[in-house]
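Report on one structure; see the data block that follows.
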Amino acid sequence: MGQALPPWLERGLADLFPAGESADPDQSLAGRLQQAAGAERPLRIKLGIDPTGSDIHLGHSILFRKLRAFQDAGHTAVLIIGDFTARIGDPSGKSATRVQLSAAEVEANADTYLTQLGLGQPPERALLDFTTPGRLEVRRNSEWLAGLDLPQVIELLATSTVGQMLAKEEFANRYGSGTPISLHEFLYPLLQGYDSVAVASDLELGGTDQKFNVAMGRDLQRHFGQRPQFGLLLPILPGLDGVQKMSKSLGNTVGLNEGPLAMYSKLEKVPDAVADHYLTLLTDLDPAHWPSSPRERQKTLALAITASRHGLEAASAAQADAANLVAGEMKAQTVPEASLAAIPFPAKAFHLLSSLGLCASSSEARRQIQGGGVRLDGEKLTDLTLEFSAASELEGKVLQLGKKTFVRLVP
RNA sequence: GGGUCGGUGCCCGAGUGGUUAAUGGGGGCGGACUGUAAAUCCGCUGGCUCUGCCUACGUUGGUUCAAAUCCAACCCGGCCCA
């Protein structure tokens, strides 16, 4: 009989492989943990991130939360910034070839990522523990990938077959539907797998869509004479629509950078069907204490998640504000401010909306006004030609777009 | 390399010489409704401080009073053959 895994590790697991029950440290993670504890050697937990976008959202954060849990248990997080592989583009979950990024873009994205993960902040405020010695290694895979020579690349390619590659679901779908697959995309799983070799990983974290790549890491570690890593996969977080995965391109995300009010008011309306996933994957609340009313459940998860990012005080304030705003009252204290300094006066009302970034374009702003979606201090604007002659006319007023976007105008 | 089909707005997809930013769907945004949401119904969905002016149907040129629609070259892709 094998030992049980600790609850913090099991929470929210979608897949763990190999999942042997024995005490064999090569087949059972419980065995491996025990062996590590006995040898006082922390495990090396690999998580690769693809710095292709600049904003981290809750969907990403479930992996970081798990990585943090390993850190807090004394293990070493090996965060691999895929600066080299980002220039290829991960074909996972993609229906088309990804755009390749320039080295400069990738580097800028990587910096933004680390900042959002909490670089420079104390562990209690940050997503990852950046400060405790021995808990974090940040590596870039260009360190080892950029220097590979052709014979080494060929060795990598030789470990896998076209049939294996085409067995990967995304490739199969694309091939089957006639969507182009460039040859270099086959290199991605191999290079990501080689990352595991380069950092001698004991366990790799990933979403369920990463199973192929994580398994590839095991194959390559074996090929290069290393002990293969465990693969620990977490579910893909459904987005705010409750159906598709959370993804920026689908517009169903909650960004870690969002303010408390925006975060809370988005989260309090996640569809009931996915509320439990959010509670499991994004909070530490004990399921025994989850409220039974669906509406209360939404509020609980929204409060807990917002608090984990902004602190309980700010989250509670956001909760109160959200209730007020929905009730149509204008009491919010935490309405973000927008400066009028850059607006040239006289200014048309629709120009104001686009210049302040509430609307994507001034044409859209006109349409919103026509559609009755714009209010100033609670009063609906209807006149397209409305013009303000000076900033002083607007200072201190609250401009509202739709039900959830508010901005307090300041000089 | 050869043959063949194709590249339309955020996405899919009509249109195949003639008012009009270009049918329809999806998605998105706004309004009503509601426990927030969903569902449903309604409106909007290229840009511009806009009673008008720009830019648009792969790219560049051409034919024409007039082109997304015809012609040419080029670029990109699918399929079949090599």
Side-chain angles (χ1 to χ4, degrees), chain A residues 94-97 99-100 173-183 185 238-254 261-278 291-303 305-306 318-329 340 342-376 378-391 393-394 399-406:
Chain A
K94 289 291 156 180
S95 51
T97 305
V99 185
Q100 298 183 27
N173 290 343
R174 283 167 60 185
Y175 193 67
S177 68
T179 310
I181 303 170
S182 293
L183 281 177
E185 294 184 69
L240 294 174
D241 57 11
V243 180
Q244 294 185 276
K245 70 170 186 175
M246 184 173 282
S247 154
K248 193 167 185 184
S249 57
L250 296 173
N252 58 4
T253 61
V254 179
L261 182 57
M263 192 177 268
Y264 181 89
S265 47
K266 281 184 179 181
L267 287 168
E268 72 165 345
K269 54 185 131 180
V270 294
D272 295 341
V274 297
D276 287 4
H277 289 292
Y278 277 59
S292 53
S293 147
R295 183 74 188 122
E296 288 307 312
R297 213 171 259 222
Q298 289 176 316
K299 287 184 180 172
T300 301
L301 76 89
L303 184 66
I305 296 170
T306 306
Q319 185 170 48
D321 287 345
N324 287 337
L325 293 176
V326 168
E329 298 178 36
L340 294 166
I343 311 286
F345 283 91
K348 296 270 174 58
F350 62 83
H351 183 241
L352 207 60
L353 287 162
S354 58
S355 300
L356 293 173
L358 295 183
C359 292
S361 70
S362 67
S363 298
E364 183 189 317
R366 321 182 109 234
R367 287 183 225 116
Q368 295 292 13
I369 292 172
Q370 284 178 315
V374 177
R375 290 165 188 268
L376 184 63
E379 257 182 78
K380 192 175 282 191
L381 296 186
T382 48
D383 181 6
L384 275 183
T385 61
L386 182 63
E387 187 173 76
F388 302 100
S389 52
E393 278 184 60
L394 294 164
L399 189 62
Q400 175 182 1
L401 172 68
K403 288 173 189 162
K404 22 182 203 260
T405 310
F406 295 83

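Lettering follows sequence order; numbering is per chain, from 1. From a predicted model like this one, the values you see are computed outputs, not experimental measurements.
The nucleotide B/rC79 finds its pairing partner in B/rG3, both defining distances of the Watson-Crick or G-U wobble pair being shorter than 3.5 Å. When both distances must be under 3.5 Å, the Watson-Crick or G-U wobble mate of B/rU16 does not exist.
Checked by distance alone, A/Ser362 brings a side-chain donor or acceptor within 3.5 Å of a matching partner on the base of B/rC50. No N or O donor and acceptor, one from the side chain of A/Glu268 and one from the base of B/rU36, sit under 3.5 Å apart.
Minimum atom distance to the side chain of A/Lys348 is reached by B/rU49, of the listed B/rG35, B/rU49, B/rC33. Among B/rU49, B/rC29, B/rG35, the nucleotide with an atom closest to any side-chain atom of A/Gln368 is B/rC29. Which of B/rG35, B/rU49, B/rA32 sits closest to the side chain of A/Glu387 comes down to B/rU49. Minimum atom distance to the side chain of A/Lys403 is reached by B/rG31, of the listed B/rU49, B/rG35, B/rG31.
Remark: P of B/rG30 and NZ of A/Lys380 are 13 Å apart, rounded to the nearest angstrom. The interatomic distance linking A/Glu185 (CD) with B/rG77 (C1') rounds to 14 Å, in whole Å. Atom CD in A/Glu296 sits roughly 16 Å away from atom P in B/rA37 (whole-Å rounding). A/Leu353 has its CG atom 15 Å from the C1' atom of B/rC50, to the nearest Å. In this structure, CG of A/Asp241 is placed 10 Å from P of B/rA39, rounded to the nearest angstrom. Note: OH (A/Tyr278) to P (B/rA37) measures 16 Å, nearest angstrom. Following rounding to the nearest Å, A/Gln370 (CD) and B/rU51 (P) show an atom-to-atom distance of 13 Å. In this structure, A/Ile369 places its CD1 atom 12 Å from P of B/rU49, rounding to the nearest Å.
Backbone-only engagement by A/Arg367 is indicated by non-hydrogen atom pairs under 4.0 Å involving sugar-phosphate atoms exclusively. Using a 4.0 Å heavy-atom cutoff across all strands shown, A/Ser363 reaches at least one base atom of the nucleic acid.
With both ends at atom C1', the span from B/rC10 to B/rG47 equals 15 Å, rounded to whole Å.
A/Val374 pairs with exactly one of A/Leu401, A/Thr405, A/Thr382 by the side-chain contact (heavy atoms from CB on, under 4.5 Å) rule, that one being A/Leu401.
Neither side chain, A/Thr300 nor A/Glu296, offers a donor N or O lying under 3.5 Å from an acceptor on the other. With hydrogens and angles left out, the side-chain atoms of A/Gln370 and A/Arg367 include no donor and acceptor closer than 3.5 Å.
The nearest pair of heavy atoms linking A/Val270 to A/Tyr278 is CG1-CE2, 3.8 Å.
Here A/Ser361 reaches the OP1 or OP2 of B/rC48: one of its side-chain N or O atoms lies under 4.0 Å away.
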